[in-house]
Amino acid sequence: MPTNKDGVMIILSSPSGAGKTTLVGLLSQRPNFEISISHTTREPRKNEIQNKDYYFVSEKEFKRLIGNEEFLEYAKVFNNLYGTTRTPVIERLNKGKNVLFDIDWQGADQIKNKKLDYRLITFFILPPSKQILLERLSHRHMGDKTMVEQRMNQFSYDVLHWINYDYVVINDTLNNCFLKILNLIDAELNNGSKDYDKDFIRKHVEKLTS
Ligand code: ADP
Ligand code: 5GP
C-alpha cells in the first residue's frame with residue numbers, strides 16, 4: 001500500500017507539441033516536485049543540455065541499460081529509443097519527492113501495468129486545435145517541414161490514447177492549464193472535489209479528430 005510519506009508519480013503525456021514538456025517544467029518549480037530525466041538515443045536539439053533535458057546516449061549504451069534491466073520503462077518513439085531508469089525514481093519517491101514524467105503513452109502504460117507501491121496520477125495534454133498545434137510545432141522546429149509533418153501525421157494516432165489517462169487537460173492558455181493540473185493533483189492527494197468534465201473532453205477529441 002502506498003503511504004502518505006512516499007512521493008507520488010505524475011505522468012504527463014500528449015501528442016507531440018501539445019505542451020507537456022513546458023508544463024512539466026512549470027510543475028517542477030513547485031516545492032517537492034522533481035523531473036525524471038530520461039535516456040534517449042535521439043540527437044539533442046539546439047537548446048537542449050546533456051544530463052538536464054535528457055541523458056543523450058548511443059544506441060549501444062541504451063541497449064546495455066536494457067540488458068541490465070535498468071529501465072522502469074522504455075519505448076521507441078519517432079525511430080529513437082527513450083527510457084526511464086528505475087533507481088533514481090524509486091530513491092526520490094522513497095524520500096517523499098513527487099516525480100514528474102514526460103513520457104509517451106507506451107511508457108505510461110508500462111508504468112501503470114507495473115502496479116508499483118506508489119500513488120500514480122496520469123495526465124494527457126491536448127492542444128486547443130490542430131491549427132494551434134501546427135503553429136506551435138512550426139515554431140519549435142523553426143520551420144523544419146519534415147519534422148512538423150511527421151508529428152502532425154502522428155497526431156491522429158497519439159490522440160486516441162487519451163482514454164487511458166486519469167485526466168485530460170487542454171493546453172490553451174499556459175497558466176490556466178498549469179493551474180488546472182495543480183488543482184487536480186491537489187484534489188487527488190487531499191480527496192478534494194475535482195473540477196473535471198469528461199464529456200467536454202470527449203467532444204473536444206471528436207473535434208480534433210474530425
Ligand atoms: P511537447 O513536450 O508536448 O512536445 P512543448 O512543451 O515542447 O510540447 O511545446 C511545444 C511548443 O509550444 C513549444 O515551443 C512551447 O514553448 C509552446 N507552448 C507550449 N504551451 C503553450 C501555450 N499554452 N501557448 C503557447 N505556446 C505554448
Ligand atoms: P522529444 O523527442 O520531442 O523530446 O520526445 C518525443 C516523445 O518521447 C515525447 O512524447 C516524450 O514524452 C517521449 N519520451 C521522452 N522521454 C521518454 C521516456 O523516458 N520514455 C518514454 N516512453 N517516452 C519518452
Side-chain angles (χ1 to χ4, degrees), residues 9-29 34-57 61-62 65-66 70-89 99-114 122-144 146-148 150-155 157-162 164-165 168-181 208:
M9 298 192 286
I10 299 162
I11 295 180
L12 270 75
S13 303
S14 77
S16 183
K20 66 192 162 309
T21 308
T22 309
L23 288 159
V24 162
L26 286 177
L27 288 164
S28 72
Q29 290 166 24
E34 291 186 3
I35 302 176
S36 159
I37 302 173
S38 297
H39 284 68
T40 182
T41 60
R42 91 151 156 71
E43 290 294 315
R45 295 185 187 126
K46 270 199 183 128
N47 57 340
E48 286 179 328
I49 299 169
Q50 169 73 306
N51 302 352
K52 178 175 175 288
D53 295 295
Y54 280 106
Y55 299 112
F56 295 99
V57 295
E61 170 62 5
F62 199 99
L65 293 168
I66 298 176
E70 292 196 35
F71 285 118
L72 186 58
E73 63 75 32
Y74 68 91
K76 193 168 213 178
V77 188
F78 296 123
N79 276 330
N80 289 301
L81 292 163
Y82 293 82
T84 309
T85 46
R86 179 193 308 268
T87 308
V89 172
V99 181
L100 298 159
F101 300 83
D102 170 347
I103 60 175
D104 83 330
W105 62 269
Q106 303 174 84
D109 273 0
Q110 288 175 43
I111 291 185
K112 237 163 74 175
N113 290 336
K114 289 226 155 99
T122 61
F123 290 94
F124 196 75
I125 312 300
L126 288 176
S129 67
K130 273 174 94 169
Q131 179 57 33
I132 290 178
L133 180 67
L134 178 64
E135 287 165 15
R136 287 184 189 166
L137 284 169
S138 302
H139 178 258
R140 188 179 72 186
H141 293 284
M142 290 177 290
D144 183 335
T146 316
M147 283 284 206
V148 174
Q150 187 190 37
R151 279 157 174 74
M152 286 305 290
N153 290 340
Q154 188 63 28
F155 173 78
Y157 300 102
D158 285 346
V159 76
L160 302 177
H161 297 282
W162 72 277
N164 296 323
Y165 286 74
V168 183
V169 184
I170 300 168
N171 180 16
D172 195 338
T173 308
L174 185 60
N175 199 46
N176 288 352
C177 181
F178 168 61
L179 291 178
K180 184 140 207 179
I181 294 172
L208 286 172

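Indexing begins at 1, ligand by ligand and atom by atom, following the structure's order. This chain uses plain numbering: 1 for the first residue, then up along the sequence.
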- Message: Under the criterion side chain to side chain contact (heavy atoms under 4.5 Å, CB included), I'd like the reasoning laid out for Asp53 against Asn47: C-alpha separation, chi angles, the key distance, then a yes or no.
- Response: CA-CA 9 Å; Asp53 295 295; Asn47 57 340; over 6 Å; no
- Query: After noting the C-alpha distance and the side-chain angles of Glu48 and Arg42, does the key distance pass the salt bridge (Lys or Arg N to Asp or Glu O under 4.0 Å) rule?
  - Reply: CA-CA 12 Å; Glu48 286 179 328; Arg42 91 151 156 71; 2.8 Å; yes
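- Annotation: atom 4 (O) of ligand 2 to nearest protein heavy atom, Tyr54 OH, 2.6 Å.
- For atom 8 (O) of ligand 1, the nearest non-hydrogen atom of the protein is Gly19 N, 3.1 Å.
- The protein atom (non-hydrogen) at minimum distance from atom 23 (N) of ligand 2 is Asp104 N, 3.2 Å.
- Below 4.0 Å from some heavy atom of Gly107 lie the following atoms of ligand 2, by number and element: 22 (N).
- Among all protein heavy atoms, the one lying closest to atom 20 (N) of ligand 1 is Asn171 ND2, 3.0 Å.
- With a 4.0 Å cut-off on non-hydrogen atoms, Lys20 touches ligand 2 through its side chain and not its backbone.
- In this structure, atom 27 (C) of ligand 1 lies nearest to the protein heavy atom Arg136 NE, 3.5 Å.
- Within the 4.0 Å heavy-atom criterion, the part of Asp172 lying near ligand 1 is the backbone and not the side chain.
- Looking only at protein heavy atoms, the nearest one to atom 7 (O) of ligand 1 is Arg140 NH1, 2.9 Å.
- Of all protein heavy atoms, the one closest to atom 7 (C) of ligand 2 is Val77 CG1, 3.7 Å.
- Scanning the protein for heavy atoms near atom 3 (O) of ligand 2, the closest one is Arg45 NH2, 2.8 Å.
- Ranking protein heavy atoms by distance to atom 10 (C) of ligand 1, first place goes to Gly17 O, 3.5 Å.
- For ligand 1, the atoms sitting less than 4.0 Å from at least one non-hydrogen atom of Ser16 are 4 (O), numbered in the order shown with element in parentheses.
- Between the side chain of Thr40 and the main chain of Leu81, a donor-acceptor pair closer than 3.5 Å is present.
- With no hydrogens or angles considered, no side-chain donor-acceptor pair links Gln150 and Gln154 at under 3.5 Å.
- Summary of contacts: the protein heavy atom closest to atom 20 (N) of ligand 2 is Glu73 OE2, 2.7 Å.
- Numbered from 1 in the order shown, with element, the atoms of ligand 2 that lie under 4.0 Å from a heavy atom of Ala75 read 22 (N).
- Contact annotation: for His39 versus ligand 2, there are no heavy atoms closer than 4.0 Å.
- For the pair Tyr54 and Pro44, the minimum side-chain heavy-atom distance is 4.5 Å or more.
- Among Tyr55, Tyr82, Tyr74, the residue whose heavy atom sits closest to atom 6 (C) of ligand 2 is Tyr82.
- Put simply, no part of Val24 is less than 4.0 Å from ligand 1, judged by heavy atoms.
- Within the 4.0 Å heavy-atom shell around ligand 2 one finds Gly83.
- For ligand 2 and Arg42, the ligand atoms under 4.0 Å from any heavy atom of the residue are 1 (P), 2 (O), 4 (O).
- A perpendicular orientation is assigned to the rings of Phe71 and His39, their planes being inclined by more than 60° (bins at 30° and 60°).
- Atom 12 (O) of ligand 2 has as its closest protein heavy atom Asp102 OD1, 2.7 Å.
- Here the CE atom belonging to Met152 is positioned 8.0 Å from the OG atom belonging to Ser138, to the nearest 0.5 angstrom.
- Closest to atom 19 (O) of ligand 2 among all protein heavy atoms lies Ser38 OG, 2.7 Å.
- With Gln106 contributing its side chain and Lys76 its backbone, the two residues share a donor-acceptor pair below 3.5 Å.
- Nearest protein heavy-atom contact of atom 15 (C) of ligand 1 is Thr22 OG1, 3.6 Å.
- Within a 6.0 Å sphere centred on CD of Gln50, other residues, nucleotides and ligands contribute more than 12 heavy atoms.
- Taking CG of Leu100 as the reference point, atom CG of Leu23 lies at 10.5 Å (rounded to 0.5 Å).
- Between Gly107 and Glu73, the shortest heavy-atom distance links the atoms CA-OE1, 3.1 Å.
- Within ligand 2, counting atoms from 1 as listed, the ones closer than 4.0 Å to a heavy atom of Thr84 are 19 (O).
- By the 6.0 Å contact criterion, OH on Tyr74 is open, its count of non-hydrogen atoms from other residues, nucleotides or ligands being 12 or less.
- Residues that satisfy the side chain to side chain donor-acceptor pair (under 3.5 Å) test with Arg136, not counting sequence neighbours, are absent from this structure.
- Protein heavy atom in closest approach to atom 2 (O) of ligand 1: Thr21 OG1, 2.4 Å.
- With ligand atoms numbered from 1 in the order given, ligand 1 contributes 3 (O) to contacts under 4.0 Å with heavy atoms of Ser14.
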- Begin from the C-alpha positions of Trp105 and Asn164 and carry the test side chain to side chain contact (heavy atoms under 4.5 Å, CB included) through to its verdict. CA-CA 9 Å; Trp105 62 269; Asn164 296 323; over 6 Å; no
- Query: Leu208 and Leu133: side chain to side chain contact (heavy atoms under 4.5 Å, CB included), yes or no, with the steps?
  - Reply: CA-CA 10 Å; Leu208 286 172; Leu133 180 67; over 6 Å; no
